[in-house]
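Please read all numbers here as calculations on a predicted model, not as lab measurements. Both backbone and side-chain heavy atoms feed into the values below; hydrogens, waters and symmetry mates do not. Note that the numbering runs from 1 along the sequence shown for the chain.
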Amino acid sequence: ESDAVVIVYHQGRFYDTDLAPVDPTQITSQNRVVLAIAPSLSMTEAIALREQIAARDVIITTLSEDWLRTLKEMQK
């Protein structure tokens, strides 16, 4: 599992774990991709986001409180 690629989705953009913007169509990892999203997103939105990622093995999880705080700080 340590080979998983974590992608964060926040306010219309995809980021890597260093919060550098990434293009979802370029995420073609052979490893599992973990897409972390805000808990407030609907299942429909989550599925649409997953479909934007080129990799085949994508799982969705919700952002932790720590991540949500970090992303909020980033906006300032």
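Formation of a donor-acceptor pair under 3.5 Å by the N31 side chain with backbone atoms of D3 is found in this model. With hydrogens and angles ignored, the 3.5 Å screen pairs no side-chain donor or acceptor of D18 with any backbone N or O of A20.
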Practice problem: Evaluate side-chain contact (heavy atoms from CB on, under 4.5 Å) for Q52 paired with Y9, printing each intermediate quantity in order. | Solution: CA-CA 11 Å; Q52 291 180 45; Y9 179 80; 5.8 Å; no
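Linking ILVMFWY side-chain heavy atoms closer than 4.5 Å, directly or via other members, places V34 and I27 in two distinct hydrophobic clusters. A single hydrophobic cluster is not seen to contain both L63 and I59; linkage of ILVMFWY side chains at heavy-atom distances under 4.5 Å, directly or through other members, places them apart. Residues V8 and V22 are members of separate hydrophobic clusters, defined by side-chain heavy-atom contacts under 4.5 angstrom among Ile, Leu, Val, Met, Phe, Trp and Tyr. Cluster annotation: L41 and L71 are assigned to distinct hydrophobic clusters (Ile/Leu/Val/Met/Phe/Trp/Tyr, side-chain heavy-atom contacts under 4.5 Å, transitive).
To the nearest 0.5 Å, the span separating CE on M43 from CD1 on I60 amounts to 7.0 Å. With values rounded to the nearest 0.5 angstrom, W67 atom CH2 is found 6.0 Å from T17 atom OG1. Note that the CD1 atom of I47 and the CD atom of E51 stand 7.0 Å from one another [nearest 0.5 Å]. Between atom CD1 of residue I7 and atom CD1 of residue I53 there is a gap of 6.0 Å, rounded to the nearest 0.5 Å.
Judged by distance alone, the side chains of D23 and T25 do bring a donor and an acceptor atom under 3.5 Å apart.
Nearest heavy atom pair, residue S29 against residue V33, reads CB-CG2, 4.2 Å. Of all the heavy atoms in F14 and L49, the pair that sits closest is CZ-CD2, 3.8 Å.
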